[in-house]
Structures are given as C-alpha cells and as structure tokens.
Amino acid sequence: MADELVHYDVAGGVATLTLDSPHNRNALSAQLRRELRDGLERAIGDDAVRVIVLTHTGPVFCAGMDLKEARGAGAQDQGVNEFPAILERIWTSPKPVVARLAGPARAGGVGIVAAADIAVAAREATFAFTEVRIGVIPAIISVTVLPRLTPRAAHELFLTGDTFDAERAAAVGLINSAVPAEALDAEVERYVTSLALGGPAALAATKDLLQGETGRGMAETFQSMLATSARFFASEEGQEGITAFAEKRKPNWVP
C-alpha cells in the first residue's frame with residue numbers, strides 16, 4: 001500500500017490536514033484527492049473538531065492537478081472530474097477552514113486556497129492561474145475563486161497566467177494575510193484561536209449566511225463547469241499543452 005499523502009491530526013479542537021507529496025509538489029493525484037476528501041469528511045464529522053487547518057510539507061502548497069495522470073486520459077477519465085466535491089466540501093464545511101501556505105499554489109491549489117474561509121501565506125509564496133498556458137481553462141476553480149477576487153484582477157490573472165506574490169494576493173482578496181515566513185505559524189494560530197471562540201452552531205449558520213445563493217447553488221454551478229473543464233483537459237490543445245509542460249518546451253501555439 002502506498003504511503004499516505006495526506007496526514008490527519010487532531011489537537012486542541014483543531015484538525016490539521018497536511019498534504020505530503022513533495023516529490024510532485026503536492027499535485028492533486030488520485031490518491032491525494034481521495035485522502036484529502038476522506039480527511040475533510042472525518043474532520044467535519046468529529047464533534048471534537050472546531051476548526052480545520054490545511055497545510056503542507058515541502059516547498060510548494062499545491063501545484064494543481066497531477067498532469068502526469070491527465071496526459072492521454074479521455075474527458076471521462078480526467079481527475080478534474082473529482083475535484084468539485086473537494087472544493088465544495090471545503091466551501092460548505094460547517095466548521096471554519098484555514099489554509100496555511102508556506103510556499104506557492106498553482107491552478108487547482110489556488111482553488112483550494114479560495115475555498116477556505118481564511119487563508120494565510122508567507123510573503124515568499126506565489127500564485128498563478130496557469131491553466132491557459134497549457135491549453136485548459138480555470139473553469140472549476142472559478143466557482144470558488146471569482147467570489148474572492150476583484151473583477152479587474154480576475155480578468156488579468158486568469159487570462160495572462162502570470163505569477164503574482166502573496167502581498168498582491170492579499171490586495172485582490174484571494175488571501176487574508178501575507179506575513180514573513182517566521183511569523184506564519186503565529187498568524188495561523190491567531191486566526192484559529194479567534195475562530196474557536198465562536199459557538200459551533202453559530203459559526204455554521206454564519207458561514208451559510210455569508211455564502212448566500214453562491215453556496216446554495218454551488219453544486220449546480222460546479223456541474224456546469226465540469227464538462228467544459230474535462231473537455232479542455234482531454235482536447236488536442238490541452239494534451240499538447242500538458243505534453244509540452246512535461247517536455248519542458250513551449251506548446252505549438254506559442255509564436
């Protein structure tokens with residue numbers, strides 16, 4: 001049996017889910033997706049858990065979908081098909097979710113950051129919506145990202161795929177706080193302590209209030225985005241982009 005890629009720990013009412021697949025920059029492989037989903041369900045179902053923290057080992061928080069698994073797969077077999085359930089569970093969790101980033105997030109990893117209620121990053125962390133550069137689109141993650149970003153920033157960052165730093169991420173609403181690396185754990189602890197002061201039922205109801213129609217219609221929105229996203233991953237352009245990325249060359253559409 002493969003070593004676990006998501007560690008689950010509970011202490012002091014806080015469930016910590018740690019992505020531990022540094023060899024592929026914590027990419028969302030089938031195993032990691034399954035273990036992350038199971039860990040979220042476990043934390044949500046545990047009455048002793050008051051707050052959930054998502055963190056990571058290695059220098060990268062999450063590089064997005066595992067492109068090795070996406071290469072050569074048809075639309076029905078793309079791992080992206082399973083991703084909406086994870087984002088929706090984070091977004092609709094009755095328990096507050098805090099994302100802790102000591103390093104970069106890309107593509108689907110940014111979707112996870114956006115789905116969390118609170119996101120804190122070290123200033124060294126960077127972000128990018130790299131989908132267009134490999135011939136796919138950020139359809140699924142748009143469901144959690146667009147409610148966070150300012151419209152101008154969304155257009156710029158989705159269309160260019162450019163990398164931006166943690167301070168810019170905070171300025172455009174993607175994360176709550178960008179701090180020096182040595183202050184990251186203290187900042188996460190500050191938020192966790194504040195969240196734990198709220199009544200569990202009150203926190204759950206407040207999350208529902210904050211999400212409004214976005215939260216209640218999320219399943220339908222994800223479903224409408226899913227076919228488009230999987231189609232692009234399996235398309236000729238998407239497969240060329242994924243292959244070019246693996247071969248460390250420019251895709252054939254670049255002048």
Side-chain angles (χ1 to χ4, degrees), residues 2-6 17-37 54-88 90 99 101-115 125-145 157-164 169 174 222 225-254:
D3 293 338
E4 67 177 14
L5 301 182
V6 179
L17 278 67
T18 304
L19 309 185
D20 186 19
S21 185
H23 72 280
N24 66 355
R25 303 188 301 163
N26 290 318
L28 295 162
S29 63
Q31 181 184 344
L32 190 143
R33 293 194 306 271
R34 181 177 65 253
E35 292 179 10
L36 178 56
R37 184 178 63 246
L54 302 178
T55 186
H56 63 105
T57 65
V60 176
F61 174 73
C62 178
M65 298 306 299
D66 189 332
L67 296 183
K68 287 185 178 179
E69 293 183 351
R71 190 174 179 180
Q76 298 304 312
D77 299 317
Q78 291 292 336
V80 73
N81 289 307
E82 302 168 0
F83 193 39
I86 294 172
L87 294 181
E88 185 177 6
I90 295 170
L101 290 82
R106 297 289 185 269
V110 189
I112 290 174
V113 172
T126 60
F127 303 82
F129 302 100
T130 51
E131 286 87 347
V132 292
R133 296 195 177 186
I134 60 167
V136 300
I137 62 175
I140 289 173
I141 67 168
S142 72
V143 181
T144 58
V145 171
L157 299 171
F158 271 35
L159 290 170
T160 65
D162 284 347
T163 300
F164 55 104
L174 180 62
F222 271 132
M225 293 291 101
L226 188 55
T228 300
S229 184
R231 178 167 56 84
F232 268 85
F233 267 90
S235 71
E236 182 178 347
E237 184 170 291
Q239 288 297 306
E240 161 61 14
I242 290 168
T243 300
F245 179 84
E247 296 175 353
K248 296 181 171 58
R249 60 172 175 81
K250 292 180 179 179
N252 60 17
W253 62 78
V254 176

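Every value quoted in this text rests on a predicted model; they were computed, and no experiment measured them.
Nearest heavy-atom pair across Ala125 and Gly103 is CB-O, 3.4 Å. Gly108 approaches Phe83 most closely through the heavy-atom pair O-CZ, 3.3 Å. Scanning both residues, Pro22 and Gly58, for their nearest heavy atoms gives CB-CA, 4.2 Å. Of all heavy-atom pairs spanning Ala128 and Gly161, the tightest one is CB-O, 3.9 Å. Considering all non-hydrogen atoms of both residues, Gly135 and Phe232 come closest at O-CD2, 3.5 Å. The two residues Gly241 and Trp253 come nearest to each other via the heavy atoms CA-CH2, 3.8 Å.
Residues that satisfy the side chain to side chain donor-acceptor pair (under 3.5 Å) test with Thr126, not counting sequence neighbours, are Arg106. Remark: Thr130 pairs with no residue by the side chain to side chain donor-acceptor pair (under 3.5 Å) rule, at least two apart or across chains.
A heavy-atom distance below 4.5 Å is not found between the side chains of Thr57 and Leu19. Contact check for Leu157 versus Leu174: no side-chain heavy atoms found under the 4.5 Å cut-off. With a 4.5 Å cut-off on side-chain heavy atoms, Ile140 and Leu87 count as touching. Side-chain contact between Asn24 and Leu32 is absent, with no heavy-atom pair separated by less than 4.5 Å. Between Glu247 and Thr243 the shortest side-chain heavy-atom distance falls below 4.5 Å. Side-chain contact between Phe61 and Val110 is absent, with no heavy-atom pair separated by less than 4.5 Å. For the pair Leu5 and Ser29, the minimum side-chain heavy-atom distance is below 4.5 Å.
If you take CZ on Phe129 and CG on Leu159, they are separated by 11.5 Å, rounding to the nearest 0.5 Å. If you take CD1 on Ile134 and CZ on Phe245, they are separated by 7.5 Å, rounding to the nearest 0.5 Å. In this structure, Phe233 CZ and Thr228 OG1 are separated by 12.5 Å, a value rounded to the nearest 0.5 Å. Atom CD1 of Ile90 and atom CG of Leu36 lie 5.5 Å apart (nearest 0.5 Å). Atom OG1 of Thr18 is separated from atom CG of Leu54 by 9.0 Å, given to the nearest 0.5 angstrom. Between the CG atom of Leu101 and the NE2 atom of His56 there is a distance of 5.5 Å, given to the nearest 0.5 Å.
Here the side chain of Gln31 pairs a donor or acceptor atom with the backbone of Asp3 at under 3.5 angstrom. Proximity of a side-chain donor or acceptor of Asn26 to a complementary backbone N or O of Ser21 within less than 3.5 Å is detected. No donor-acceptor distance shorter than 3.5 angstrom exists from the side chain of Glu240 to the backbone of Pro251, with no hydrogens or angles considered. Side-chain N or O atoms of Glu237 include none that pairs as donor or acceptor with a backbone N or O of Val136 at under 3.5 Å. The backbone N or O of Gly111 lies less than 3.5 Å from a partner atom in the side chain of Thr144, making a donor-acceptor pair. With hydrogens and angles ignored, the 3.5 Å screen pairs a side-chain donor or acceptor of Arg33 with a backbone N or O of Leu28.
Among pairs with a residue in residues 127-141, those fulfilling salt bridge (charged side-chain N to carboxylate O under 4.0 Å, His left out) read Arg133-Asp162, at least two apart in sequence or across chains.
Counted within 6.0 Å of CZ on Phe158, heavy atoms from surrounding residues, nucleotides or ligands total more than 12; the atom is thus considered enclosed.
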